[in-house]
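What follows is one structure encoded as structure tokens, with my remarks underneath.
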Amino acid sequence: MKKLLLLGFASLMATLSFSALAYDGTNCKEPGVCWEPKPGYPEKVAGSKYDPKHDPNELNKQAQSIKEMEARNEKRWEHLSKTGKFVYDVEEIN
């Protein structure tokens, strides 16, 4: 019974390892660089129907919130340096 289970497990592992070496239909420029555009995909995305046309204001929201966070942290740090007490709510500092 052990031999049968061992043989079954070995054949399963061999099948899985051989399937990893199967041809996947891509033409790689170099190992790991196998991206190929679908037929009809443009060379230049900007201005095509695939262009996402992101709003610059939406893209800058995160940068703006990070600047605001750093300003709050600076106020907290100054208050901590002066008084030795940490206050989370910045509005309570002034």
* Can you name the side-chain contact (heavy atoms from CB on, under 4.5 Å) partners of Ile66, sequence neighbours left out? ->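 In terms of side-chain contact (heavy atoms from CB on, under 4.5 Å), with neighbours along the sequence ignored, Ile66 is linked to Gln62, Met69, Glu70.
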
* Asked: Partners of Glu58 by side-chain contact (heavy atoms from CB on, under 4.5 Å), sequence neighbours excluded?
  ->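 Residues passing side-chain contact (heavy atoms from CB on, under 4.5 Å) with Glu58: Asp55, Lys61.
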
* To do: Give a yes or no on this: more than 12 heavy atoms of other residues, nucleotides or ligands lie within 6.0 Å of atom CD of Glu91.
  =>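 Incorrect, the count does not exceed 12.
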
* side chain to side chain donor-acceptor pair (under 3.5 Å) against Arg72, all qualifying residues, sequence neighbours excluded ->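 Listed in chain order: nothing, the list is empty.
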
* Quick one: list whatever passes side chain to side chain donor-acceptor pair (under 3.5 Å) with Lys53, sequence neighbours left out. =>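 By the side chain to side chain donor-acceptor pair (under 3.5 Å) rule, Lys53 matches no residue at all.
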
* Asked: Which heavy-atom pair separates Lys75 from Ile93 by the least distance, and what is that distance?
  ->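 Here Lys75 and Ile93 meet closest at O-CD1, 3.9 Å.
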
* Asked: Which pairs with one or both residues in residues 51-71 pass ring pair (Phe, Tyr, Trp, His ring centres under 6.0 Å), sequence neighbours excluded?
  ->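 Applying ring pair (Phe, Tyr, Trp, His ring centres under 6.0 Å) to every pair that reaches into residues 51-71, excluding sequence neighbours, yields nothing.
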
Can you give the donor-acceptor pairs under 3.5 Å from side chains of residues 80-88 to other protein atoms, not counting sequence neighbours?
from: Ser81; atom 1: OG; to: Trp77; atom 2: O; distance (Å): 2.9
from: Thr83; atom 1: OG1; to: His79; atom 2: O; distance (Å): 2.7
from: Thr83; atom 1: OG1; to: His79; atom 2: ND1; distance (Å): 3.3
from: Thr83; atom 1: OG1; to: Lys85; atom 2: N; distance (Å): 3.2

* Atom pair CG/NZ of Asn60 and Lys67 - distance to nearest 0.5 Å ->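 Taking CG in Asn60 and NZ in Lys67, the distance rounds to 8.0 Å.
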
